[in-house]
Peer 1: 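To start, I am sharing the structure in question, which I have written as structure tokens.
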Amino acid sequence: MSEPTATEALSNFIADRITDDRSQGKHGGRVVTRFPPEPNGYLHIGHAKSICLNFGLARDFGGRCNLRFDDTNPSTEDIEYVDAIQEDIRWLGFNWDELHFASDYFEQLYEWAQKLIRSGHAYVDESSAEEIAAYRGDFRTPGRPTPYRDRPAAESLALFEKMRAGEIDEGKAVLRAKIDTNHPNMNLRDPVIYRIKKAHHHRTGDKWCIYPMYDYAHPLSDAVEAITHSICTLEFEDHRPFYDWCINTVDTPAKPNQIEFARLNLNYTVMSKRKLLQLVNEKLVDGWHDPRMLTIRGLRRRGYTPASIRAFAHQIGVNRTNSWIDMGVLENAVREDLNASAPRAMAVLRPLKVTLTNLPEERACSLSNHPQKPELGHREVRLTRQIFIDREDFEEVPPKGFFRLVPGGWVRLRGAGFIKCDSVEKDASGNVTGVSCTWHAPIEGNEGPGGGKVKGTIHWVPGDSPAATVRLYDRLFSVEHPDGDDWKAHLNPNSREILVDARVEPSLAHAKSGDTFQFERTGYFCADSIDSTPGKPIWNRVVTLKDSWAKR
RNA sequence: UGGGGCGUGGUGUAAUCGGUAACACAACGGACUUUGACUCCGUCAUAGAAGGUUCGAGUCCUUCCGCCCCAACCA
């Protein structure tokens, strides 16, 4: 297995900063990161970037990395996701040091909120959501205090207790941090830190009916775990002052620091949970694990390897610039990994019958399982009197530069000698239904049967090869940036083509779910983990091979 | 409009007291090849713009320009 980049130490501005912090003795020299997903959806390639960053940094600096579920909003979260997320992280090849849930800290968070109230840093506001928004103002309108801002701490304390006790209806009161109602940074205009939600929580059940907001729960959860470097995406940048406010005002023993980086943008796909959910709900794809989805599960089923995703994350780097990564970079990462590891086999996607008129008898041909890895051995493929080749490897009137099978020309048969097309059979409407060829045994050296070099080599399978279902996957969208209201109109109608009469080498019948092969000259294919049946794998195309001929 | 960020080739990432613009992907050209794959070789940027400081600036200063984020009781 070649995995040169995935184990290489991370080199980016965050790693630099950690190095700095350590040299200054910050955080006692410790490095503790965390990956904090909200369990309200499945992980996707964008999360993979964050996972590789957080776990990678901990690895590189001999620190630790926790998995913490940010489960502060019971109305959107579900246990289904917490299980799936853990499975996906492990599959990617990472292990967390500690597993936590923000909900484990609810009691502590509540006490800290009381402390804030007592010290005059928080108050219960009984304004409605609309009123709060109105009083908050906007970029051009100054914010103002609501009538409840200066109520006595004791009153807020009592009301906060009533909120917890379920004696106040949803929407009738919230706890707000008391900072500055007219701060230029909107996030500091007395942000809400607790709201009433009479919802069942997947872990705490009905114990709570008030839930902390992310902006309050996150920094304090980090502090509880003594996280040193709390890495998040750029949109939280102007929340950082409040992050620091929480840490400093509550005055937690640990003082974690938030560092932001740019989230991953990939073209020809969508990344937001909202849109992915919509694709699933509207059945535009076959669920979260559809091989076309860039969810971790989708990628896994498609045939992407963990190493290839790690290599991709490493290659794209980390910085604070909003940028778009070309889908080709991801595709190239699997190609590179699979080229090194996947055994070779032959499969004919669109079969064309070829009769070898002069073949005396069946012939056993020995083919290498990997050109660069002799240790993977050889396999036997029978050359039969009738074989299949791919339709696109034959042209009756070849374009210039075509060096596959043509009438009267020799072409090499992978591992099985040469053939020359003598005649073409057609149906009534003129479609080619088969060709007849003269076969010639393999020849040592560079010369072909007719003298001179034979440039082309094509793949083939025996005439009695079983039919197999092969699914050719392509990018989900046909435009680089599917956005706007009509983003779904840009779904690629050809993102999946199902071939039910492909012919694969008989040996492939024994492939297990998840096994991946390179079908020579066509691409990498993975035996589907859900739809395959014993002895009859269904093949998913992971990615094509590069094809400098097709480009012309 | 107030606040916060960002701007190096087609794409992404580097160059950490200012000193010959590096690496990868893509593209193009070539070599090799029983996968038109792989591999190998070569070509491909003067830095958002304009000024300034300096012997010398992507790196410092000034002024513009462009793009992104923030006005949920979401995260």
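Just the heavy atoms: all of them, side chains too, but no hydrogens, waters or symmetry mates, feed the values below.
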Peer 1: Could you tell me whether the side chain of A/Arg404 has a donor or acceptor atom within less than 3.5 Å of a complementary atom in the base of B/G36?
Peer 2: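 Pair found.
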Peer 1: Just how far, in rounded Å, is C1' of B/U33 from CG of A/Asn339?
Peer 2: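 Distance, rounded to whole Å: 14 Å.
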Peer 1: Measure CG/A/Asn187 against P/B/A72 and give the value in whole Å, please.
Peer 2: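 About 10 Å, once rounded to whole Å.
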Peer 1: Determine if A/Tyr214 stacks with B/A75; use a centre-to-centre distance below 5.5 Å and an interplanar angle below 30° as the criteria.
Peer 2: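 Here the ring of A/Tyr214 and the base of B/A75 are not stacked, as the 5.5 Å and 30° limits are not both satisfied.
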Peer 1: Tell me: CG of A/Leu10 to P of B/A14, nearest whole Å?
Peer 2: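 Computing the A/Leu10:CG to B/A14:P distance gives 11 Å.
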Peer 1: Between the main-chain N or O of A/Gly166 and the side-chain N or O of A/Lys198, is there a donor-acceptor pair closer than 3.5 Å?
Peer 2: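 Looks like yes, one N/O pair under 3.5 Å.
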Peer 1: Could you tell me the separation between the CD atom of A/Glu447 and the P atom of B/U34, rounded to a whole number of Å?
Peer 2: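 Between P of B/U34 and CD of A/Glu447: 13 Å.
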Peer 1: For A/Val454, which contact category applies under a 4.0 Å heavy-atom criterion: base, sugar-phosphate, or nothing?
Peer 2: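 No contact at all - A/Val454 keeps every heavy atom at 4.0 Å or more from the nucleic acid.
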Peer 1: Pick base, sugar-phosphate or nothing for A/Pro371, based on heavy-atom distances below 4.0 Å to the nucleic acid.
Peer 2: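 It contacts base atoms.
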Peer 1: Please work out if A/Arg140 contacts a base, only the sugar-phosphate, or nothing of the nucleic acid, heavy-atom cut-off 4.0 Å.
Peer 2: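 Result for A/Arg140 = base.
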Peer 1: Counting heavy atoms from C-beta on, name the nucleotide in B/G36, B/U1, B/A75 closest to the side chain of A/Ser548.
Peer 2: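 For A/Ser548, the side-chain atoms sit closest to B/G36.
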Peer 1: Provide the Watson-Crick or G-U wobble partner of B/G42, both distances under 3.5 Å; none if there is no partner.
Peer 2: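 Here B/G42 is engaged in a pair, and the nucleotide opposite it is B/C28.
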Peer 1: On the nucleotide B/U13, are OP1 or OP2 found under 4.0 Å from the side-chain N or O atoms that A/Asn319 carries?
Peer 2: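 For B/U13, OP1/OP2 do have a side-chain N/O of A/Asn319 under 4.0 Å.
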Peer 1: Which residues pass the side-chain hydrogen bond (donor to acceptor under 3.5 Å, both in side chains) test with A/Thr269, sequence neighbours left out?
Peer 2: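 Listed in chain order: nothing, the list is empty.
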Peer 1: Identify the nucleotide, in any strand shown, that forms a Watson-Crick or G-U wobble pair with B/G66, with both distances under 3.5 Å; if there is none, say none.
Peer 2: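 When the pairing criteria are applied, B/C6 turns out to be the nucleotide that pairs with B/G66.
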Peer 1: Do the side-chain N or O atoms of A/Arg344 get closer than 4.0 angstrom to the phosphate oxygens (OP1, OP2) of B/U35?
Peer 2: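 No, because none of the side-chain N or O atoms of A/Arg344 sits under 4.0 Å from OP1 or OP2 of B/U35.
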Peer 1: Base, sugar-phosphate or nothing for A/Met213? Non-hydrogen atoms, less than 4.0 Å.
Peer 2: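 The residue A/Met213 makes sugar-phosphate contact but no base contact.
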Peer 1: Using the C1' atom on both, measure B/U46 against B/U20 and round to a whole Å.
Peer 2: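 Straight-line distance between the two C1' atoms is 12 Å.
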Peer 1: Under 3.5 Å, is there a donor-acceptor pair between the A/Arg521 and A/His459 side chains?
Peer 2: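 Judged by distance alone, the side chains do pair up.
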Peer 1: Have A/Arg34 and A/His218 got a donor and an acceptor in their side chains that come within less than 3.5 Å?
Peer 2: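 Yes - a donor-acceptor pair under 3.5 Å links their side chains.
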Peer 1: Check the phosphate of B/U33 against A/Lys455, side-chain N and O only, distance under 4.0 Å to OP1 or OP2. Yes or no?
Peer 2: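 No, outside the criterion.
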Peer 1: With a 4.0 Å cutoff (strictly under), does any side-chain N or O of A/Arg195 reach OP1 or OP2 of B/C74?
Peer 2: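 Answer is yes, contact under 4.0 Å.
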Peer 1: Can you check whether A/Thr76 has a side-chain N or O nearer than 4.0 Å to OP1 or OP2 of B/A75?
Peer 2: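 Answer is no, no contact under 4.0 Å.
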Peer 1: Reckon A/Arg414 has a side-chain N or O less than 4.0 Å from the OP1 or OP2 of B/A37?
Peer 2: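 Checking B/A37 against A/Arg414, no side-chain N or O comes under 4.0 Å of OP1 or OP2.
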Peer 1: Sort out the partner of B/G12 for me: Watson-Crick or G-U wobble, both distances under 3.5 Å, none otherwise.
Peer 2: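 Pairing partner: B/C23.
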Peer 1: Is any side-chain nitrogen or oxygen of A/Thr321 closer than 4.0 Å to OP1 or OP2 of B/G7?
Peer 2: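 A/Thr321 to B/G7 OP1/OP2: side-chain N or O found under 4.0 Å.
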Peer 1: How close or far is atom P of B/U11 from atom CD of A/Gln315, stated in whole angstroms?
Peer 2: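 That distance rounds to 18 Å.
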Peer 1: Could you check whether A/Ser127 gets within reach of a base, just the sugar-phosphate, or nothing at all, counting any heavy atom under 4.0 Å?
Peer 2: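 Answer is base: heavy atoms of A/Ser127 come under 4.0 Å of a base.
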Peer 1: Whether the side chain of A/Asp238 and the base of B/G3 hold a donor-acceptor pair under 3.5 Å is what I'd like checked.
Peer 2: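 Looking at the base of B/G3, it does pair with a donor or acceptor on the side chain of A/Asp238 (distance under 3.5 Å).
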Peer 1: Does any nucleotide pair with B/A47 by Watson-Crick or G-U wobble geometry, both distances under 3.5 Å, and what is it?
Peer 2: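 B/A47 is paired with nothing.
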Peer 1: Any side-chain N or O of A/Lys172 under 4.0 Å from OP1/OP2 of B/C73?
Peer 2: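 Answer is no, no contact under 4.0 Å.
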Peer 1: Under 4.0 angstrom, heavy atoms only, what part of the nucleic acid is A/Tyr135 near: base, sugar-phosphate, or nothing?
Peer 2: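 No contact at all - A/Tyr135 keeps every heavy atom at 4.0 Å or more from the nucleic acid.
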Peer 1: Write down the distance between NZ (A/Lys275) and P (B/A75), rounded to a whole number of angstrom.
Peer 2: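 Those two atoms, NZ and P, are 21 Å apart.
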Peer 1: Is there a side-chain polar atom (N or O) of A/Thr72 under 4.0 Å from OP1 or OP2 of B/C74?
Peer 2: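 No, no such contact exists.
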Peer 1: Would the A/Tyr110 and A/Phe160 ring centres measure less than 6.0 Å apart?
Peer 2: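 Centroid separation for A/Tyr110 and A/Phe160: below 6.0 Å.
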Peer 1: Return the stacking result for B/U11 and A/Trp324: yes when the ring centres lie under 5.5 Å apart and the planes under 30°, no otherwise.
Peer 2: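 A/Trp324 vs B/U11: stacking no.
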Peer 1: Using the P atom in both, what is the distance from B/C61 to B/G19, to the nearest Å?
Peer 2: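 Nearest-Å result for B/C61 against B/G19 at atom P: 15 Å.
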Peer 1: Mind checking who B/U54 pairs with, Watson-Crick or G-U wobble, both distances under 3.5 Å?
Peer 2: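 Paired with B/U54, as far as the under-3.5 Å criterion goes, is no nucleotide at all.
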Peer 1: How many Å lie between CZ on A/Phe403 and C1' on B/A37, as a whole number?
Peer 2: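 Distance check: A/Phe403 CZ to B/A37 C1' gives 12 Å.
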Peer 1: Using a 90° cut-off around 0 for syn, call B/A72 syn or anti.
Peer 2: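 This nucleotide is in syn.
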Peer 1: Taking atom C1' in both B/G7 and B/A50, compute the distance separating them and give it to the nearest angstrom.
Peer 2: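 Their C1' atoms lie roughly 16 Å apart.
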Peer 1: Report yes or no: is the cationic atom of A/Arg203 (NZ for Lys, CZ for Arg) closer than 6.0 Å to the six-membered ring centre of A/Phe101, at no more than 45° off its axis?
Peer 2: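 Cation-pi check for A/Arg203 and A/Phe101: passes.
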Peer 1: Between the base of B/U35 and the side chain of A/Gln518, is there a donor-acceptor distance below 3.5 Å?
Peer 2: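 Checked by distance alone, the answer is yes.
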Peer 1: What interatomic distance, in whole Å, is found between C1' of B/C25 and the corresponding atom of B/C44?
Peer 2: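 Nearest-Å result for B/C44 against B/C25 at atom C1': 14 Å.
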Peer 1: Looking at CD1 of A/Ile316 and CD1 of A/Ile325, how far apart are the two atoms once the value is rounded to the nearest 0.5 Å?
Peer 2: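 Answer for the CD1-CD1 pair, A/Ile316 versus A/Ile325, is 5.0 Å.
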Peer 1: Could you identify the nucleotide paired to B/U35, looking across every strand shown and requiring Watson-Crick or G-U wobble geometry with both distances under 3.5 Å?
Peer 2: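 Answer to the pairing question: none, since B/U35 forms no Watson-Crick or G-U pair.
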Peer 1: Establish, yes or no, whether the cationic atom of A/Arg164 lies under 6.0 Å from the six-membered ring centre of A/Trp208 and within 45° of the ring axis.
Peer 2: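 Judged by the rule (NZ or CZ under 6.0 Å from the ring centre, within 45° of its axis), A/Arg164 counts as positioned above A/Trp208.
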Peer 1: Contact class for A/Gly328 (heavy atom, under 4.0 Å): base, sugar-phosphate, or nothing?
Peer 2: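 It contacts nothing in the nucleic acid.
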Peer 1: Which residues pass the ring pair (Phe, Tyr, Trp, His ring centres under 6.0 Å) test with A/Tyr123, sequence neighbours left out?
Peer 2: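 Once residues adjacent in sequence are excluded, A/Tyr123 has no partner under the ring pair (Phe, Tyr, Trp, His ring centres under 6.0 Å) criterion.
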Peer 1: Mind checking A/Phe236 for me? I need base, sugar-phosphate or nothing, with any heavy atom below 4.0 Å counting as a touch.
Peer 2: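 Base contact.
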Peer 1: Tell me what A/Gly456 touches on the nucleic acid: a base, only sugar-phosphate, or nothing, going by heavy atoms under 4.0 Å.
Peer 2: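 No contact.
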Peer 1: With respect to the phosphate group of B/C73, does any side-chain polar atom (N or O) of A/Lys197 fall under 4.0 Å of OP1 or OP2?
Peer 2: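 So the side chain of A/Lys197 is outside the cut-off, no N or O lying under 4.0 Å from OP1 or OP2 of B/C73.
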Peer 1: Whole angstrom is fine here: how far is it from CG in A/Asn73 over to P in B/C73?
Peer 2: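 It works out to 12 Å between those atoms.
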Peer 1: Describe the nucleic acid contact of A/Val192 in one word from base, sugar-phosphate, nothing, applying a heavy-atom distance below 4.0 Å.
Peer 2: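 Counting heavy atoms under 4.0 Å across all strands, the contact made by A/Val192 is with sugar-phosphate only.
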